[in-house]
Amino acid sequence: MFFSDQQLCYADILPPHEARARIEVAVLNFLRILSSSTPAISDLSLISRRSSNSRVSRGLLTDISWIFLSYSFSKRSLTRANTAKAFIRVWKVMEMCYQVLVQQKRLTQRELFYKLLCDSPDYFTSQLQVNRTIQALLRCSRHTLGIMASSRGAIAGRLLLQEPNKEVVDCSFCGSSGYAISGDLNLLENLVMETDARYIVVVEKHAIFQRLAEDGVYNQIPSILITGKGYPDIATRFLLHRISRTFPNLPIFGLVDWNPAGLAILCTFKFGSIQMGLEAFRYACNIKWLGLREDDLELLPEQSFLQLKPRDLQIAKSLASSEILPDNYKEELAVMVRSGKRAEIEALYVHGYTFLGKFLANKIVQAKYI
């Protein structure tokens, strides 16, 4: 299926006054219907985040694909027992977002949850309820609604960054922990960036990122290193996407564990995530799977392999059923499942702590990625 603007439903990025206007219009429409000659409490139609509402976009002239939500709606009604609380949650979240926008403040989803938990404990009992409400609210991005990403990502290597009215930061001198990625997407969008790197390497694990940064691998392989410390948060994905837009000729490689979770993390960077709601596709990047892959397993001692866990098999089943996963990725996944084993990047240390840099260089030079 090819991309169609008519199918794509996305979250708009708007200035604060337009976001406030959308909330005001929603309130006025609700009151207009409530005070009409035939008063009623109107239902709220939110974009469905079910997997059945997800679609795949494939470029005609490129190998870039991503996932997005289409126009299938779920209803929130005050008159239906099973959705009454969800109906009220939408209005409560809108009220809080409006206050934040008026005050020209920003807060994280976690901060928003605790504020709502204290103000409306009968309607909010979990963070997930807040997250799901925000992801479908008024077709606005979370950043537009004053919600700031809570970032845990880091970046290092041959990249100069300058925040507005701040000193230039050289990411090659930020130590093994790297430069902490801000959760403020507006700040990330306005970063001034310079690089002489030839590659971008996305690393699943912070410990591996630290090892590579400590060894100065980005000087041996002129590169930028970035990690989301596991499943990537929106700020890490946003910055990677921003770098790829600014430097479109830099290839992006992913280094993840050889297990279903590692592949799922890679796919989140590559295709997006339906868990992101209407922002699912926005920060997808054309990342290549560098390792670990089946071809690398011969480098590992037998005793370093671990058994797949039930959670691994659950993730593998979900990935295998996805229409967006390329055939060569599915083949690699099938090998994992058949073997019943998984391997971690750290197993390469059997060859010495400096081997990882050589491993990356050889893979890149020999174009051993998919």
Side-chain angles (χ1 to χ4, degrees), residues 51 65-67 152-154 200-212 217 225-233 236-237 240 252-276 284-353 355-360 362-364 368-370:
S51 58
S65 301
W66 61 85
I67 54 178
R152 58 181 184 275
I200 301 170
V201 180
V202 177
V203 184
E204 173 187 350
K205 294 176 169 179
H206 189 227
I208 300 297
F209 171 91
Q210 287 181 304
R211 167 57 58 194
L212 295 172
V217 167
L225 306 177
I226 188 167
T227 181
K229 301 180 183 178
Y231 280 93
D233 55 82
T236 302
R237 289 180 55 208
L240 177 62
I252 308 172
F253 301 115
L255 179 65
V256 298
D257 285 340
W258 192 72
N259 61 23
L263 178 55
I265 289 168
L266 185 86
C267 289
T268 300
F269 280 109
K270 188 175 183 70
F271 305 119
S273 169
I274 288 300
Q275 298 303 315
M276 292 296 297
C285 293
N286 188 23
I287 186 172
K288 303 294 185 182
W289 189 0
L290 188 68
L292 292 175
R293 292 182 34 241
E294 182 188 8
D295 293 346
D296 306 320
L297 301 185
E298 62 185 25
L299 298 170
L300 309 180
E302 185 61 34
Q303 59 268 33
S304 69
F305 290 95
L306 304 171
Q307 294 297 311
L308 288 178
K309 298 178 180 178
R311 176 61 178 161
D312 292 317
L313 296 174
Q314 185 180 356
I315 295 172
K317 183 178 180 181
S318 176
L319 287 169
S321 65
S322 171
E323 66 173 300
I324 198 171
L325 198 67
D327 289 341
N328 51 358
Y329 282 33
K330 288 185 177 180
E331 291 167 7
E332 190 91 23
L333 180 64
V335 173
M336 292 181 199
V337 175
R338 282 199 304 270
S339 71
K341 297 177 181 179
R342 56 194 175 95
E344 299 187 354
I345 304 166
E346 288 88 345
L348 290 170
Y349 290 158
V350 70
H351 302 287
Y353 290 115
F355 177 76
L356 195 52
K358 300 172 187 175
F359 169 79
L360 290 176
N362 288 336
K363 296 271 289 186
I364 292 173
K368 289 187 175 180
Y369 47 81
I370 56 178

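- With I208 as reference, L356 is the one residue of L225, L348, L356 to meet the side-chain contact (heavy atoms from CB on, under 4.5 Å) rule.
- Partners of E346 by salt bridge (charged side-chain N to carboxylate O under 4.0 Å, His left out), not counting sequence neighbours, listed by chain and number: K205.
- No donor-acceptor pair under 3.5 Å is formed between the side chain of S304 and the backbone N or O of L300.
- Surrounding NZ of K229 are more than 12 heavy atoms belonging to other residues, nucleotides or ligands, all under 6.0 Å away.
- S318 contributes no side-chain N or O that, together with a main-chain N or O of I315, makes up a donor-acceptor pair within less than 3.5 Å.
- In this structure the side chain of P232 reaches within 4.5 angstrom of the side chain of I265, judged on heavy atoms.
- The shortest side-chain heavy-atom distance between I364 and F253 falls under the 4.5 Å cut-off.
- Rounded to the nearest 0.5 angstrom, L266 CG and I287 CD1 are separated by 5.0 Å.
- Side-chain contact check for V203 versus L212: some heavy-atom pair is nearer than 4.5 Å.
- Without hydrogens or angle criteria, N259 side chain to A261 main chain gives a donor-acceptor distance under 3.5 Å.
- Although no hydrogens or angles enter the test, the distance criterion places no donor-acceptor pair under 3.5 Å between the side chain of K341 and the main chain of Q307.
- Within the 4.5 Å cutoff, side-chain heavy atoms of T268 are placed close to those of R237.
- With sequence neighbours excluded, no residue forms a side chain to side chain donor-acceptor pair (under 3.5 Å) with E294.
- The aromatic rings of F359 and F355 sit tilted, their planes meeting at an angle between 30° and 60°.
- When all heavy atoms are compared, the tightest approach of P301 to V350 is CD-CG1, 3.8 Å.
- Remark: E298 pairs with no residue by the side chain to side chain donor-acceptor pair (under 3.5 Å) rule, at least two apart or across chains.
- When atom types are taken as modelled, the side chain of D312 and the backbone of P260 share no donor-acceptor pair closer than 3.5 angstrom.
- In this structure D296 satisfies the salt bridge (charged side-chain N to carboxylate O under 4.0 Å, His left out) test together with K363, sequence neighbours excluded.
- In this structure, CG on L325 lies 10.0 Å from NZ on K270, to the nearest 0.5 angstrom.
- A 4.5 Å side-chain heavy-atom check between L263 and L333 finds at least one atom pair inside the cut-off.
- Residues T227 and V202 are not in side-chain contact: their nearest non-hydrogen atoms beyond the backbone lie 4.5 Å or more apart.
- A donor-acceptor contact shorter than 3.5 Å links the side chain of K330 to the backbone of S322.
- For the pair H351 (side chain) and L299 (backbone), a donor-acceptor distance under 3.5 Å is present.
- Two residues are said to be in side-chain contact when any heavy atoms from C-beta on lie closer than 4.5 Å; I345 and L292 meet this criterion.
- For T236, the side chain to side chain donor-acceptor pair (under 3.5 Å) partners two or more places apart in sequence, or in a different chain, are D233.
- Checking side-chain atoms of E204 against main-chain N and O of L255 turns up no donor-acceptor pair under 3.5 Å.
- For the side-chain contact (heavy atoms from CB on, under 4.5 Å) test with I370, the passing option among L290, D295, N328 is N328; the others fail.
- Put simply, the side chain of R342 never gets that close to the backbone of L306: no donor and acceptor are under 3.5 Å apart.
- By the 4.5 Å heavy-atom criterion applied to side chains, L297 and W258 are counted as neighbours.
- Within the structure, the ring pair (Phe, Tyr, Trp, His ring centres under 6.0 Å) test picks out the following pairs touching residues 299-336 (sequence neighbours left out): W289-Y329.
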